[in-house]
Every structure is written in C-alpha cells, then in structure tokens.
Amino acid sequence: MSSLTSLMTPTSSSFNLDHPIPRLVFSETACRSVGLLNINATRRSSSYSQRGRIILSAATKPAKSPIEEEWKVKRQLLVEKKVRGVDANEALRLQKENNFVILDVRPIAEFKQAHPEGAINVQVYRLIKEWTAWDITRRIAFAFFGIFEGTEENPEFMQSVESQLNKDAKIIVACASGGRIKPTQNFPEGQQSRSLIAAYLLVLNGYENVYHLEGGLYSWFKQELPIDSIEEE
C-alpha cells in the first residue's frame with residue numbers, strides 16, 4: 001500500500017508569497033485515501049476532471065476578499081490615495097515629531113521578538129486556525145512547499161485596527177520587507193508586500209493619512225534604530 005506521503009503528492013501546484021494561499025491538484029485516489037472530501041459532493045462543487053483529478057482548493061474556497069485583489073488594482077488605489085513610502089529614519093522622525101503611529105502587520109510572534117519602540121501590532125495574516133476541507137487543503141499545500149505553519153488572511157484585521165486607531169490617525173504601515181509602490185527597473189509595476197496589502201485595506205476603509213515603511217523593518221533593525229520586545233510569560 002502506498003504511504004500517505006506518496007499518495008498526497010500533488011499532480012500540480014502553485015504558490016505566491018504575496019498571497020500565501022497555495023493551490024494544489026490531487027488525484028482522486030489520494031482524496032479517497034485520507035477522506036479529505038466527499039468525492040460526490042466535490043464533483044458538484046469543484047472543478048473535477050474526467051481523468052480523476054480534483055482541484056481541492058476550489059471545493060470550499062471562500063469568495064474572493066479585498067486582500068486577494070490583483071496587485072495592479074491595489075497599487076492604483078494606493079497611488080490615487082497618495083500613499084507614499086518613507087525610509088526608516090524618516091519614519092522615526094515622523095513618529096517622534098508628528099505623532100505618526102507605526103503599525104507593524106507582521107505575525108505577533110515576530111512582533112514580540114523585536115519591533116520599533118511605540119509600535120502597535122495587528123497581523124494582516126495569521127496562522128491557519130480552522131480544520132475545514134479548505135483549511136486542510138491549504139495546510140497540505142503549505143507542507144508541500146516546506147512551510148509547516150501556514151497562514152491565512154486575518155478576518156479581524158480591520159476591526160482590530162479600528163479599535164485602536166481613529167480614521168484620522170497618521171499611520172506608517174510596516175512589515176519585514178516593505179515592498180514598493182513606485183516602479184523601478186527591476187520592478188516596473190512596483191512590488192507588493194504585506195505592509196502594502198495592509199495599507200490598501202486601510203485606505204479602502206477610509207483611512208487617509210497612510211504611509212508605508214520602505215525597506216521594511218529589516219532596514220529599521222539594520223540601522224539600529226530604537227526597538228522594544230515583549231518577553232513571554
């Protein structure tokens with residue numbers, strides 16, 4: 001009998017770090033062997049091929065959310081709303097002199113290890129929590145790419161932000177890498193990042209004073225600007 005590992009080897013796959021929601025195509029035999037899905041139900045609700053392959057990610061995938069919008073659409077709104085990038089030193093100056101709040105959207109574990117002094121944390125992605133067929137599929141997909149703590153969109157992101165920051169708050173959104181809105185030779189359409197995804201959600205929901213940290217927190221730490229950490233109890 002084939003092992004679980006060999007059975008669950010996908011026939012095709014794709015993965016995008018900007019949207020960490022992998023998409024895999026498994027054989028029908030694999031699906032039956034581990035009981036991930038009811039095959040009859042899957043045939044009604046997913047893309048099912050006559051050759052016995054099932055696109056599991058289509059079976060119970062939720063409707064498209066704003067966070068999954070194409071980058072060109074996000075970038076267009078960011079430009080229209082005049083969201084601009086600032087480097088680490090400028091971000092520190094704005095925080096100290098102009099009451100800007102640094103919003104760190106990394107996972108909470110990374111925030112606890114080190115973050116800019118005075119920053120607040122609302123993670124734009126969180127660890128996958130549920131065990132629906134769709135969630136199990138994504139867990140397997142992440143594992144296929146060697147990632148054993150897969151993430152998903154944080155559905156409470158805006159609610160958490162709004163509970164801490166008024167719509168007129170001045171915000172600098174930060175993640176690990178930063179991304180960029182302006183085109184460059186290497187990135188003619190800019191470069192998406194978690195901080196820019198978060199900035200997009202903020203302006204989409206009425207926030208008007210939104211900047212993002214170019215170079216990300218990597219540049220902040222590299223320049224040895226003030227940091228804080230949270231000790232585990």
Side-chain angles (χ1 to χ4, degrees), residues 16-21 65-71 73-75 77-79 81-88 90-92 94-95 99-129 138 142 147 149-182 190-223 225-230:
N16 185 334
L17 288 175
D18 292 325
H19 295 297
I21 303 175
S65 68
I67 207 170
E68 296 178 289
E69 188 57 82
E70 293 182 9
W71 165 236
V73 175
K74 294 193 189 84
R75 180 173 177 267
L77 183 63
L78 292 171
V79 171
K81 295 296 183 178
K82 299 181 180 178
V83 175
R84 70 179 182 88
V86 294
D87 63 27
E90 177 69 1
L92 178 61
L94 290 171
Q95 182 192 39
N99 297 318
F100 272 74
V101 176
I102 296 177
L103 174 61
D104 186 337
V105 298
R106 296 176 301 160
I108 189 169
E110 295 179 30
F111 177 80
K112 287 181 176 180
Q113 289 178 353
H115 58 265
E117 280 186 354
I120 65 172
N121 175 240
V122 181
Q123 53 189 0
V124 70
Y125 288 100
R126 68 180 186 185
L127 295 178
I128 297 172
K129 289 187 175 183
R138 288 188 296 163
F142 274 110
I147 302 171
E149 291 188 338
T151 57
E152 64 183 356
E153 174 186 344
N154 178 9
E156 300 172 356
F157 175 75
M158 283 308 309
Q159 180 182 349
S160 298
V161 170
E162 290 171 348
S163 70
Q164 300 178 66
L165 299 171
N166 295 326
K167 292 294 176 70
D168 60 354
K170 294 178 285 189
I171 304 170
I172 300 171
V173 191
C175 66
S177 61
R180 61 182 65 251
I181 298 174
K182 293 181 179 179
Q191 183 181 24
Q192 183 167 226
S193 68
R194 296 191 180 198
S195 62
L196 288 175
I197 291 172
Y200 169 76
L201 294 177
L202 292 176
V203 298
L204 194 64
N205 284 276
Y207 285 85
E208 297 181 352
N209 301 303
V210 180
Y211 294 5
H212 80 99
L213 182 62
E214 288 188 341
L217 291 169
Y218 170 80
S219 64
W220 185 285
F221 300 144
K222 185 178 181 180
Q223 295 181 56
L225 298 180
I227 63 171
D228 202 354
S229 61
I230 300 174

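With hydrogens and angles disregarded, a donor-acceptor distance shorter than 3.5 Å links the side chain of Gln123 to the backbone of Ile108. Proximity of a side-chain donor or acceptor of Lys170 to a complementary backbone N or O of Asn99 within less than 3.5 Å is not detected. The backbone N or O of Asp104 lies less than 3.5 Å from a partner atom in the side chain of Asn121, making a donor-acceptor pair. In this structure, the side chain of Glu214 does not engage the main chain of Ser219 through any donor-acceptor pair within 3.5 Å.
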- Message: Between Leu213 and Tyr218, is the side-chain contact (heavy atoms from CB on, under 4.5 Å) condition met? List the steps.
- Response: CA-CA 10 Å; Leu213 182 62; Tyr218 170 80; over 6 Å; no

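Atom CD of Gln192 is separated from atom CD of Glu70 by 10.5 Å, given to the nearest 0.5 angstrom. Taking OH from Tyr207 and NZ from Lys167, the interatomic distance works out to 5.5 Å, rounded to the nearest 0.5 Å. In this structure, OG on Ser195 lies 11.5 Å from CD1 on Ile172, to the nearest 0.5 angstrom. For the atom pair CD1 (Ile67) and CE (Met158), the distance works out to 11.0 Å, reported to the nearest 0.5 Å. One distance of note links NZ of Lys112 with CZ of Arg106; it measures 13.0 Å at 0.5 Å rounding. Rounding to the nearest 0.5 Å gives a distance of 11.0 Å between CG of Asn209 and CG of Leu94.
Residues Val83 and Leu202 are not in side-chain contact: their nearest non-hydrogen atoms beyond the backbone lie 4.5 Å or more apart. The closest side-chain heavy-atom distance from Ile102 to Trp220 is below 4.5 Å. Residues Tyr200 and Glu69 form a side-chain contact, since some pair of their non-hydrogen atoms from C-beta on lies under 4.5 Å apart. Here the side chains of Val122 and Gln164 are in contact, with some heavy-atom distance below 4.5 Å. In this structure, the side chains of Leu201 and Pro66 come closer than 4.5 Å at one or more pairs of heavy atoms. Inter-residue side-chain proximity for Glu110 and His115 is flagged as unmet; no heavy-atom pair is nearer than 4.5 Å. Residues Ile181 and Leu196 form a side-chain contact, since some pair of their non-hydrogen atoms from C-beta on lies under 4.5 Å apart.
Considering every non-hydrogen atom in both Phe111 and Ala119, the closest pair reads CZ-O, 3.6 Å. Residues Ser229 and Gln113 share a closest heavy-atom pair of CB-O, 3.2 Å. Across every non-hydrogen atom of Gly178 and His212, the tightest pair is O-ND1, 3.5 Å. What you find for Pro116 and Leu217 is that their closest heavy atoms are CG-CD2, 3.4 Å.
Shown here are the side-chain contact (heavy atoms from CB on, under 4.5 Å) partners of Val101, two or more places apart in sequence or in another chain: Ile120, Leu165.
Atom CD of Glu208 is surrounded by 12 or fewer heavy atoms from other residues, nucleotides or ligands within 6.0 Å.
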